[in-house]
Number of protein chains: 2
Amino acid sequence: MRKLFSRISSLEQKKLMKLLETSILYYKKDSTIFSTLQTNMIGIMLEGHAQIIRTDYNGNKTIIEELKEEAVFGSFISGLTSNECDVIAKEDCKILVIDYDRIIEDEKNNHFSYYVQFIKNLLEITTDIIDDKNNRIEILTKKSIRDKLLEYFNIYSRKHGTHIIYLPFSYTDFSYYLAVDRSAMSRELKNLRDEGFIETKGKRITLLYR
Amino acid sequence: MRKLFSRISSLEQKKLMKLLETSILYYKKDSTIFSTLQTNMIGIMLEGHAQIIRTDYNGNKTIIEELKEEAVFGSFISGLTSNECDVIAKEDCKILVIDYDRIIEDEKNNHFSYYVQFIKNLLEITTDIIDDKNNRIEILTKKSIRDKLLEYFNIYSRKHGTHIIYLPFSYTDFSYYLAVDRSAMSRELKNLRDEGFIETKGKRITLLYR
DNA sequence: TATAAAATGTTGCAAATGCAACATTACACT
DNA sequence: AGTGTAATGTTGCATTTGCAACATTTTATA
């Protein structure tokens, strides 16, 4: 994962945070970090662990994203706008908050090299995010559950250069990621097993084709 | 739409293009601009009009994106990686090509204010793109065709602040965007009409609910 | 304006999937 | 270790959707 402060020394980092008038916020376990309202804010998880959670009209909760250390998040990144999403601290968290508009609008900081580096890092992170979103869209546009699974496997396999997949989330969350019914997905995984395309053991899936 | 060269004078723009060693390429109508291979390149359509087109294993072609003047495109933006996508000129085109790696890696240019402005512009464009991708994902994750349509309508309506929708593409392409069968979508639109939720006339859809 | 080509509308049918309900297993917490 | 909770596996059934085939309308092009 790319980092927001790579190629920036800790001294420069301090100057930068002064420049951007960032603030550091602390949250206790189980407290709400962001609600939908705050917009144009970028959060960087310095310490701790949180989850972006959506609650739909039925009250069902789904984990949209896991936020570990170094994770960058915010409304414009995660698509929180107009959705009923909250960011909930699963441990005590220390979060750096930056006003996105300040980054873009201020011109007086342009001559600080570390400031430019910071923006480049942010640009790299956003293009990585686009890449992830493109992958998900590629998967979601497949018509059948089988094709969605296989596309996920292909992308994972290509990215990691391996035929053994370790699911980074539970099967329940996996079905949400693919936007299909969990039990139907389970059925299709069984079909793929029976037909000899894959082997599974827990969250490890081995691709047997090709 | 945001522009890559906003807040940059034409003189600075020239300097910038020298700095980044950009090149301007000309393409005749119906010629192929990008094939899948070229990666890490950003294209800016200066003059003309092109389409990003995917050809699947059946030979079916679908328009992924329309590229009009000022449009920014490239593998990392459009998810062209590993897909059978081509960019085809529909008119004679004049395209500015920039090596993305050069933007990110070079540090010697950091002190040019217009260079920083350029990167900021690029950052803004990428965050806008993320926003679009998030919207599409939001739509694609709906289970039924009806819900996909309604979600599209809602997002459009919110963005444009109107209850009258002018589809920016054909119904055929619309069904591709929603990743559903065209005839099934047509059927569902008819249902929505019959139930009094919408009125349609060509590509104009009027929302009657709420 | 004529004609071909593309887009759109419509329908029957088969197949895939969502849904619900329940059994079984894994996991977390005390 | 024991107990409650969450995750996963399984299956029948109703519904939705994709697919195919064709009619009709619109658009593009000579």
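One can place NZ of B/K142 at 14 Å from P of D/dT17, the figure rounded to the nearest angstrom. In this structure, B/L178 places its CG atom 18 Å from P of D/dT16, rounding to the nearest Å. With rounding to whole Å, B/Y176 atom OH is found 17 Å from D/dG18 atom C1'. What separates CG of A/D147 from P of C/dA15 is a distance of 17 Å, to the nearest Å. The interatomic distance linking B/Y171 (OH) with C/dG9 (C1') rounds to 11 Å, in whole Å. Per the geometry, CG belonging to B/L192 stands 16 Å off C1' belonging to C/dG9, to the nearest Å.
Put simply, the side chain of B/N121 gets close to the backbone of B/S6: a donor and an acceptor are under 3.5 Å apart. At distances below 3.5 Å, at least one donor-acceptor pair connects side-chain atoms of A/Y171 with backbone N or O atoms of A/G202. Proximity of a side-chain donor or acceptor of B/Y156 to a complementary backbone N or O of B/T162 within less than 3.5 Å is not detected.
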Show me the side-chain donor-acceptor pairs of residues 42-51 of chain B shorter than 3.5 Å, one per line, residues at least two apart or across chains.
| unit_1 | atom_1 | unit_2 | atom_2 | d |
| --- | --- | --- | --- | --- |
| B/H49 | NE2 | B/E66 | OE1 | 2.7 |
| B/Q51 | NE2 | B/E66 | OE2 | 3.0 |

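Taking 4.5 Å as the limit, every side-chain heavy atom of B/Y114 sits out of range of all side-chain heavy atoms of B/L11. Between B/L96 and B/F5, some side-chain heavy-atom pair lies under the 4.5 Å cut-off.
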Can you tabulate the close N/O pairs, meaning under 3.5 Å, that link protein atoms to atoms of nucleotides 16-21 of chain C?
| unit_1 | atom_1 | unit_2 | atom_2 | d |
| --- | --- | --- | --- | --- |
| C/dT17 | OP1 | A/I145 | N | 2.6 |
| C/dG18 | OP2 | A/D181 | N | 3.0 |
| C/dG18 | N7 | A/R187 | NH2 | 3.2 |
| C/dG18 | O6 | A/R187 | NH1 | 3.2 |
| C/dG18 | O6 | A/R187 | NH2 | 3.1 |
| C/dC19 | N4 | A/S183 | OG | 3.3 |
| C/dA20 | N6 | A/S183 | OG | 3.2 |

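Side-chain nitrogen and oxygen atoms of A/T172 include none within less than 4.0 Å of the OP1 or OP2 phosphate oxygen of D/dA7. A sub-4.0 Å separation between OP1 or OP2 of D/dT8 and a side-chain N or O of A/S170 is present.
Residues satisfying the side-chain hydrogen bond (donor to acceptor under 3.5 Å, both in side chains) criterion with B/R182, sequence neighbours excluded, are absent altogether. Contacts of B/T141 classified as side-chain hydrogen bond (donor to acceptor under 3.5 Å, both in side chains), with partners at least two apart in sequence or in another chain: none.
A heavy atom lying under 4.0 Å from DNA chain D marks none of the residues of residues 197-207 of chain B.
Taking the six-membered ring where the residue is Trp, A/Y152 and A/Y177 present perpendicular rings, their angle passing 60° and hence far from 30°.
For the residue pair A/R146 and A/L192, the shortest heavy atom distance occurs at CZ-CD2, 3.8 Å.
With the end axes of the helix from C/dT1-D/dA30 to C/dT30-D/dA1 each set by five pairs, the angle from one to the other reads 70° at 10° resolution.
Under the 6.0 Å distance and 45° angle rule, B/R136 counts as a cation-pi partner of B/Y176.
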